[in-house]
Amino acid sequence: MTYSKLPYHRLENKADLDILLNDIGDARIVMLGEASHGTSEYYAWRTAISKRLIEEKGFTFIAVEGDWPDCYQINKFIRGYCKPGTKVSDVLKHFNRWPTWMWGNWEVAALVEWLKENNDRPNTNKIGFYGLDVYSLWGSLQQIMKYLEKKDGGHAVKAAKEAFKCFEPYSSDPQEYARAVAYVSEDCEDEVLSMLQELGKRERGEPSNAEAVFDAEQNALVAVNAERYYKAMVRGGGNSWNVRDNHMMETLNRLLEFHGPDSKAIIWEHNTHVGDARFTDMARAGMVNIGQLAREQYGRENVYLAGFGSYEGSVIAGDSWGAPMKKMDVPPARKGSWEDWLHNLGATDKLLLSRELREISEVRQQLDHRAIGVVYDPNREKYGNYVPTIIPERYDAFLYLDETEALRPFIVKTKEKEPPEMYPANE
């Protein structure tokens with residue numbers, strides 16, 4: 001296939017983001033993707049964009065593909081709620097669930113330090129940092145218990161203890177719980193729903209510490225949806241993915257409502273979540289994602305989706321779930337892929353705007369588009385690691401980086417090594 005020339009803009013420094021900021025316009029939600037969870041440049045460019053969105057367009061918070069309890073520790077740190085002397089390295093050590101490098105890395109540390117400096121300045125917009133994901137079932141239950149025991153929550157404490165009691169036979173192992181409920185009718189859904197309802201009744205009467213109340217209610221919501229996720233996981237198909245992304249969307253909606261009608265959100269997630277699923281092969285499998293859901297709920301004019309990708313370089317990933325993280329070579333992109341096309345236009349970094357691509361017929365067809373997960377095998381580039389995509393519909397903009405380097409992780413002891421059986425390999 002002979003490809004047309006594509007209109008693109010250079011991407012060399014922060015000033016080159018002016019075109020992107022202008023294209024974003026008045027969008028309320030900006031989602032910034034990544035083609036892997038282990039590439040330094042993706043984090044660095046998302047940081048640069050996020051800073052400008054906060055400073056120039058008044059964005060209110062960043063929400064990421066991370067667990068709520070761990071990310072809330074960052075929120076407390078940047079808002080000055082941690083004890084004196086707490087360092088950013090102390091906070092990022094909370095990310096002890098494999099893959100630890102996703103948020104426990106030096107690139108995130110730089111962003112967190114900047115957010116704290118911003119929030120410490122007088123008369124500035126105080127930025128929040130939150131996790132959208134659903135995996136932290138036990139961590140969220142534990143945070144609920146700590147909060148309620150401190151508050152002496154009565155019926156809510158009783159409901160939380162009943163939820164804990166229901167899960168106790170499974171030794172804090174979501175996979176064991178999921179396998180058990182796949183074969184028996186009894187499960188813990190009633191207990192976690194009861195806990196959420198009781199917590200909501202109590203906390204709506206206590207507006208004095210609104211963010212602490214929101215944190216407790218969100219942990220309860222995570223417990224509810226995590227219970228559903230792990231049950232769906234063992235049943236197979238795309239439903240567990242949909243439970244997860246619907247939870248992310250529900251959390252985003254709650255955050256926007258909590259921060260008020262003028263709130264504006266920056267989302268950091270993998271391209272497989274950010275890029276509208278309707279314009280990939282995910283749609284045939286009945287799968288949705290947060291990018292699609294946000295466009296449907298808020299309108300395309302209010303949601304801006306930016307994808308990222310690269311041609312070759314290195315990445316942090318694991319050979320299998322729970323395996324030691326390591327730096328891996330990323331080979332040149334598959335022939336005929338989106339990344340291969342951009343490389344052949346010239347080995348330079350590029351910013352592409354979808355509104356400038358839509359009249360080019362080749363781009364309106366499904367193209368192979370690389371997606372590297374936390375589990376990665378470079379030798380499978382010929383067979384996997386790509387998502388067929390109609391680029392100018394899946395994204396509003398695309399940032400292409402010709403050669404990239406692995407990010408720089410903290411060394412954090414992992415808390416668990418058992419993989420969710422249906423964890424998506426390309427995400």
Side-chain angles (χ1 to χ4, degrees), residues 29 31 37 60-79 81-82 91-100 102-104 108 111-112 115 127-148 150-151 156 160 163-164 167 172 174 192-193 195-196 199-200 203 209-230 233 240-241 243-259 263 265-270 273 289-290 293-294 412 415-416 420 423 427:
I29 300 168
M31 298 193 182
H37 287 312
T60 315
F61 61 87
I62 298 173
V64 305
E65 187 181 339
D67 292 339
W68 177 269
D70 297 336
C71 291
Y72 198 72
Q73 295 302 314
I74 291 179
N75 186 62
K76 290 171 63 177
F77 177 72
I78 64 177
R79 288 179 176 270
Y81 299 154
C82 291
V91 177
L92 296 186
K93 286 176 182 176
H94 286 278
F95 292 93
N96 59 2
R97 179 180 67 78
W98 196 94
T100 59
M102 269 183 64
W103 304 111
V108 168
L111 169 65
V112 172
L115 291 170
I127 308 304
F129 189 98
Y130 308 98
L132 296 173
D133 224 330
V134 75
Y135 290 122
S136 60
L137 175 56
W138 264 267
S140 291
L141 286 170
Q142 290 165 354
Q143 290 299 319
I144 293 164
M145 285 300 299
K146 288 179 184 178
Y147 177 80
L148 291 177
K150 188 187 303 182
K151 289 285 187 177
F164 256 104
F167 285 108
S172 299
V192 290
L193 283 172
M195 177 184 64
L196 179 61
L199 186 63
E203 300 310 330
N209 188 346
E211 192 148 39
V213 171
F214 186 94
D215 175 43
E217 290 184 337
Q218 182 62 28
N219 275 308
L221 181 66
V222 170
V224 170
N225 287 333
E227 196 270 346
R228 291 171 177 163
Y229 172 82
Y230 287 113
M233 182 185 66
S240 61
W241 173 280
V243 169
R244 186 177 172 215
D245 272 63
N246 274 286
H247 170 81
M248 291 178 179
M249 190 66 227
E250 185 176 4
T251 301
L252 173 57
N253 286 334
R254 294 189 71 243
L255 285 166
L256 288 168
E257 182 180 1
F258 176 74
H259 287 278
S263 60
I266 303 167
I267 308 301
W268 285 28
E269 297 206 40
H270 197 280
H273 294 291
N289 63 13
I290 190 173
L293 295 170
V412 181
K415 191 174 184 179
E416 58 186 63
Y423 193 92
E427 149 323 298

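Reckoned from all heavy atoms, side chains included, excluding hydrogens, waters and symmetry mates.
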> Which pair of non-hydrogen atoms, one from Ile290 and one from Asp245, has the smallest distance, and what is that distance?
Replying inline: N-OD2, 2.9 Å

> Nearest 0.5 Å, what's the CD-OG distance between Glu257 and Ser263?
Replying inline: 9.5 Å

> Between the side chain of Glu65 and the main-chain N/O of Trp268, is any donor-acceptor distance below 3.5 Å?
Replying inline: no

> Can you check side-chain contact (heavy atoms from CB on, under 4.5 Å) on Asn246 and Leu293, steps first, answer last?
Replying inline: CA-CA 8 Å; Asn246 274 286; Leu293 295 170; 3.7 Å; yes

> Who pairs with Phe258 by ring-ring contact (aromatic ring centres under 6.0 Å, His included), at least two apart in sequence or on another chain?
Replying inline: Phe214

>> Please find the pair of heavy atoms, one from Thr251 and one from Gln218, that lie closest to each other, and give the distance.
In response: OG1-NE2, 2.9 Å

>> So, using salt bridge (charged side-chain N to carboxylate O under 4.0 Å, His left out) as the criterion, who are the partners of Glu211 when residues are at least two apart?
In response: Arg79

> Between the main-chain N or O of Asn96 and the side-chain N or O of Thr100, is there a donor-acceptor pair closer than 3.5 Å?
Replying inline: no

> Distance-only, no hydrogens or angles: does the Thr60 side chain make a donor-acceptor pair with backbone N or O of Ala265 under 3.5 Å?
Replying inline: no

> Ignoring hydrogens and geometry, is there a side-chain-to-backbone donor-acceptor pair from Asp133 to Gly66 under 3.5 Å?
Replying inline: no

>> Could you tell me if the side chain of Arg244 sits less than 4.5 Å from the side chain of His273, heavy atoms only?
In response: yes

>> For Phe95, is there any backbone N or O sitting under 3.5 Å from a side-chain donor or acceptor partner on Asp70?
In response: no

> Going by heavy atoms in the side chains, are Ile74 and Leu92 under 4.5 Å from each other?
Replying inline: yes

> If we only count heavy atoms from C-beta on, is the Leu256 to Phe61 side-chain gap below 4.5 Å?
Replying inline: yes

> Are the ring centres of Trp103 and His37 closer than 6.0 Å?
Replying inline: no

> So, do Ile29 and Leu252 sit near enough that their side-chain heavy atoms are less than 4.5 Å apart?
Replying inline: yes

>> So which atom in Met248 and which in Leu132 form the shortest heavy-atom distance, rounded to 0.1 Å?
In response: CG-O, 3.4 Å

> Of all heavy-atom pairs between Cys71 and Gly131, which one has the smallest distance, and what is that distance?
Replying inline: CB-N, 3.3 Å

>> Looking only at the aromatic ring of each residue, does the gap between the centers of Tyr130 and His259 stay below 6.0 angstrom?
In response: yes

> How far apart are the C-alpha atoms of Asp67 and Tyr72, what are their side-chain angles, what is the distance that settles it, and do they pass the side-chain contact (heavy atoms from CB on, under 4.5 Å) test?
Replying inline: CA-CA 8 Å; Asp67 292 339; Tyr72 198 72; over 6 Å; no

> How would you list, by chain and number, every residue that makes a ring-ring contact (aromatic ring centres under 6.0 Å, His included) with Phe129, sequence neighbours excluded?
Replying inline: none

> Taking all atoms of both residues into account, what is the closest heavy-atom pair of Leu255 and Ala63, and its distance?
Replying inline: CD1-CB, 4.2 Å

